[in-house]
Amino acid sequence: MSTSSNFNPKSQTKNSPTENHYQREVPIQVDTNCQLELFTEETASKQKKGKRGSLPKLLTSPSIFPAEKKDRMASALVIWGASDILTQKQNLVWDLDSEGKLCLIRSAINNKGEIHYWITDLSDLSNEHPATLAGTAALATLETFDIRAACMHLIYAGHATKLERPWEQEFVIDHQQIEDYLGLNKRKDKTRAEKLALIEKLASQPCQITTFISWPAQGQIKAFTVSETRLWQMVEIQRHYQGNLFGDRELIGLTFRVRAGYWAKHFLNAQGAKEKQAYYQCGTFSKHLLQKVMQIWQHRPGAARLLVWLLFKTKFEQQYPITGQTLMEVAYGKQKILEVRKTENKKLRQQLADDLELDLLTLAENNWLLHFDPETYPSEIQPYWAGRGNKSRPRGYFARILAGRVWIMAPNELHPSNGHVGVSVSKEIPNFGLSSQESSNSQPSDTISSLPNAACSLQHVKPQPISAVHDRPKLTGEQIKEIRTIKGWTTRQLAKRSGISQSMISMIETGQRLISPSNLKKLKAALELRD
């Protein structure tokens with residue numbers, strides 16, 4: 001850990017705090033007919049005096065994923081950085097600020113801007129300007145962060161896009177919605193109490209991150225500073241209990257009232273983007289991605305980290321390949337990779353290479369398209385499932401994997417509907433009740449620079465499909481299926497003739513796998529095709 005510059009963003013004037021409404025849990029009672037009630041300290045006091053009072057359950061906001069496929073989410077750089085904190089934790093490069101507080105600093109816009117992150121405890125999540133943690137306390141809190149909390153962070157980012165002014169308005173979600181988003185409603189191995197305890201933990205952790213933003217001027221949008229506030233403010237938690245005639249009671253439900261921090265005024269401001277005074281940045285995420293992270297976080301944590309990281313990376317820099325070293329650093333931590341490179345421990349190198357193969361297989365099995373650069377990532381060092389003919393690897397394979405390049409494309413379910421990569425343009429800026437005249441008079445810019453993406457350096461670069469930046473096999477899966485059908489072969493027969501597994505051929509034909517150079521050669525020979 002190093003000490004950062006003398007610049008102290010915490011010395012900046014804070015935004016005017018808003019009224020907090022966080023309710024502390026207190027002993028409550030409910031009617032014997034098991035109706036839900038929530039009591040504050042005041043109503044509990046009244047009950048002791050013989051007066052009966054209750055607060056109604058908060059009405060929840062409409063659920064996201066209406067079609068159970070995909071939905072919008074806030075995708076600004078500040079959201080990406082927080083996702084990395086929740087998934088990669090101590091693996092990131094943390095510094096000490098001028099006050100000795102643990103701080104993560106992310107550069108933006110060619111190092112002209114910065115985003116700072118700090119960590120808080122759980123003592124008062126409704127406090128908009130909490131005290132942040134230093135040294136050992138901050139590291140200990142980071143250690144408690146759960147990869148699955150990144151899913152709640154993304155859920156918050158999805159709900160925030162449904163509000164016209166998310167930095168002022170609140171959204172309300174309950175445990176039933178969260179169970180549906182995360183697939184917990186299908187889990188039969190957890191009791192209701194265990195599910196609720198997990199939901200409250202995951203819902204709270206994204207609110208333990210505070211941010212400061214310094215952003216330079218871009219085009220007509222002036223430079224701005226967002227003083228340190230919570231990324232997400234937990235305005236209120238309602239706990240719902242059920243009782244019976246014997247006086248027993250149990251927690252049966254949770255409702256959360258959440259508000260986005262002041263970052264949303266500058267990066268999720270639809271009206272401001274129309275007036276070219278702010279940005280409106282949103283991308284796409286899916287319920288399937290959330291539930292997959294929930295399924296694999298324990299036995300394949302590297303793949304879970306990659307899924308969340310690539311959700312942002314592939315939106316903003318899809319036209320650029322990713323090195324094996326970058327993938328390993330995201331999945332397993334930069335420090336671990338450095339240590340393995342310095343040692344001659346062959347077992348550790350083999351373990352990391354094996355882990356990467358399995359984690360990339362998890363991506364491929366979930367319809368992420370991977371294309372290995374034949375020059376830097378040739379077939380002899382590619383994953384065994386992607387075309388490496390021999391289970392053993394050649395000498396010097398580890399260094400070659402680190403230097404190897406691979407293009408990764410998100411599944412179709414995560415592609416923005418307007419064809420742009422990771423940036424919300426005019427077609428995706430919601431109207432929020434503006435008249436048709438107001439909407440038509442607000443002409444959006446034709447360039448990405450009007451709504452800068454988190455890659456920052458790509459603001460004037462038009463995203464290209466993978467096929468445009470690297471030569472890919474001319475033989476497609478559809479063509480293979482057509483030729484096989486003409487020959488009257490089954491996939492099993494083609495598998496036997498080519499030496500490629502039947503499952504791999506099926507995935508190639510349906511577009512779930514790209515054709516590796518080695519498999520292309522085998523298929524051409526089996527199908528008797530000329531180059």
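- Aromatic ring centres of W167 and Y262: separated by at least 6.0 Å.
- Atom CG of residue L402 and atom CZ of residue F398 lie 4.5 Å apart, to the nearest 0.5 angstrom.
- Remark: R192 pairs with E250 by the salt bridge (charged side-chain N to carboxylate O under 4.0 Å, His left out) rule, at least two apart or across chains.
- The salt bridge (charged side-chain N to carboxylate O under 4.0 Å, His left out) contacts involving residues 142-156 comprise D146-R148, D146-K201, where partners must be two or more places apart or lie in separate chains.
- Between D95 atom CG and L104 atom CG the span is 8.0 Å, to the nearest 0.5 Å.
- Salt-bridge formation is detected for the pair D355/R300: a Lys NZ or Arg NE/NH1/NH2 atom is positioned less than 4.0 Å from an Asp or Glu carboxylate oxygen.
- Between the side chain of H266 and the backbone N or O of A278, no donor-acceptor pair lies under 3.5 Å.
- Residues L59 and V172 are not in side-chain contact: their nearest non-hydrogen atoms beyond the backbone lie 4.5 Å or more apart.
- A salt bridge does not link D84 to K89: none of the charged nitrogens lies less than 4.0 Å from a carboxylate oxygen.
- With 3.5 Å as the limit, one finds a donor-acceptor pair spanning the side chains of Y332 and D359.
- Atom CZ of R305 and atom OG of S83 lie 14.0 Å apart (nearest 0.5 Å).
- Ring geometry for Y181 versus H159: interplanar angle of 30 to 60°, hence tilted.
- Taking the ring centroids of W215 and F267, they lie under the 6.0 Å cut-off.
- Side chains of D97 and W118: a donor on one and an acceptor on the other come within 3.5 Å.
- Contact check on E200 versus R239 returns a salt bridge, with a Lys/Arg side-chain nitrogen under 4.0 Å from an Asp/Glu carboxylate oxygen.
- Between K70 and E413, none of the side-chain N atoms (NZ, or NE/NH1/NH2) sits under 4.0 Å from a carboxylate O, so this pair counts as no salt bridge.
- A donor and an acceptor atom, one from each side chain of H116 and E114, are located under 3.5 Å apart.
- Using modelled atom types and a 3.5 Å distance limit, the side chains of Q325 and R341 yield a donor-acceptor pair.
- I119 places none of its side-chain heavy atoms less than 4.5 Å from the side chain of T132.
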